[in-house]
Amino acid sequence: MSPESQPAEAVLVSAHFHRVRRAKVRLRGGAPPPPREVARRPAHVARMLALAHHVESVIGRGLVASAAEVAGQLCFTRARVTHLLDLLLLAPDIQEEVLFLEAVEGEEPLSERGLRAIAHAGTWEEQREQWREVKASF
């Protein structure tokens with residue numbers, strides 16, 4: 001029997017693939033890389049509330065004449081600036097909690113629209129009741 005006629009043996013190769021610069025894939029031997037840290041950043045609603053406080057401060061100090069002028073400078077509509085400033089209607093304790101919210105792995109804890117609905121709930125006590133319900137969901 002000649003060597004060419006003998007069946008080839010199957011060999012199992014194990015390796016770890018790592019993506020490099022999105023398009024390239026490199027083959028690396030050895031142990032897998034350590035697990036990636038969870039990506040955390042301030043939640044969108046927290047950033048928008050902080051922006052609302054900044055806009056209110058700029059208007060209060062007289063650096064701009066009105067919310068309409070702020071809208072022009074930020075390339076926002078006047079309605080969008082009004083939406084931002086509506087977040088300032090929230091009870092102070094709710095605002096503090098919102099400012100510390102984080103988006104984990106890009107997952108936002110709540111929408112800005114939902115937060116504005118709480119801001120328009122009425123009294124601070126009614127806002128707190130709605131906030132407790134919403135907060136229980138995340």
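- Linking ILVMFWY side-chain heavy atoms closer than 4.5 Å, directly or via other members, places Val70 and Leu63 in a single hydrophobic cluster.
- For the pair Arg41 and Arg47, the minimum side-chain heavy-atom distance is below 4.5 Å.
- Side-chain contact check for Leu85 versus Val81: some heavy-atom pair is nearer than 4.5 Å.
- Side-chain contact between Pro92 and Trp124 is present, with heavy atoms from C-beta onward closer than 4.5 Å.
- Going from atom CD1 of Ile118 over to atom CG of Leu89 covers 12.5 Å, rounded to the nearest 0.5 Å.
- The residues Glu129 and Arg132 are annotated as not salt-bridged, no charged nitrogen and carboxylate oxygen being separated by less than 4.0 angstrom.
- Of the N and O atoms on the side chains of His120 and Gln127, not one donor lies less than 3.5 Å from an acceptor on the other residue.
- Under the 4.5 Å side-chain criterion, counting only non-hydrogen atoms from C-beta, Val98 is not in contact with Leu110.
- If you take NE2 on His83 and OG1 on Thr77, they are separated by 7.5 Å, rounding to the nearest 0.5 Å.
- Using a 4.5 Å cut-off on side-chain heavy atoms (C-beta onward), Val55 and Phe76 make no contact.
- The backbone N or O of Leu88 sits less than 3.5 Å from a side-chain atom of Gln95, completing a donor-acceptor pair.
- Contact between Ala103 and Pro109 at its shortest, heavy atoms only, is CA-CD, 4.4 Å.
- Within the 3.5 Å criterion, the main-chain N or O of His53 finds no donor-acceptor partner in the side chain of Ser57.
- Here the closest non-hydrogen pair linking Ala121 and Glu126 is O-OE1, 3.0 Å.
- Annotation: side chain of Phe138 is in contact with side chain of Leu101 (closest heavy-atom distance under 4.5 Å).
- At a threshold of 4.0 Å, the pair Glu105-Arg36 counts as salt-bridged, since one of the basic side-chain nitrogens sits closer than that to a carboxylate oxygen.
- The CG atom of Leu84 sits 4.5 Å away from atom CZ of Arg80, with the distance rounded to the nearest 0.5 Å.
- The number of heavy-atom neighbours closer than 6.0 Å to CD of Glu107, taken from other residues, nucleotides and ligands shown, is 12 or below.
- Judged by distance alone, the side chain of Glu56 and the main-chain N or O of Ala52 form no donor-acceptor pair under 3.5 Å.
- Side-chain atoms of Glu112 never come within 3.5 Å of backbone atoms of His44 as a donor-acceptor pair (strictly under, hydrogens ignored).
- Formation of a donor-acceptor pair under 3.5 Å by the Glu102 side chain with backbone atoms of Arg40 is not found in this model.
- One distance of note links CG of Asp86 with CE of Met48; it measures 14.5 Å at 0.5 Å rounding.
- The structure places CZ of Arg128 at 4.0 Å from CG of Asp93, a figure rounded to the nearest 0.5 Å.
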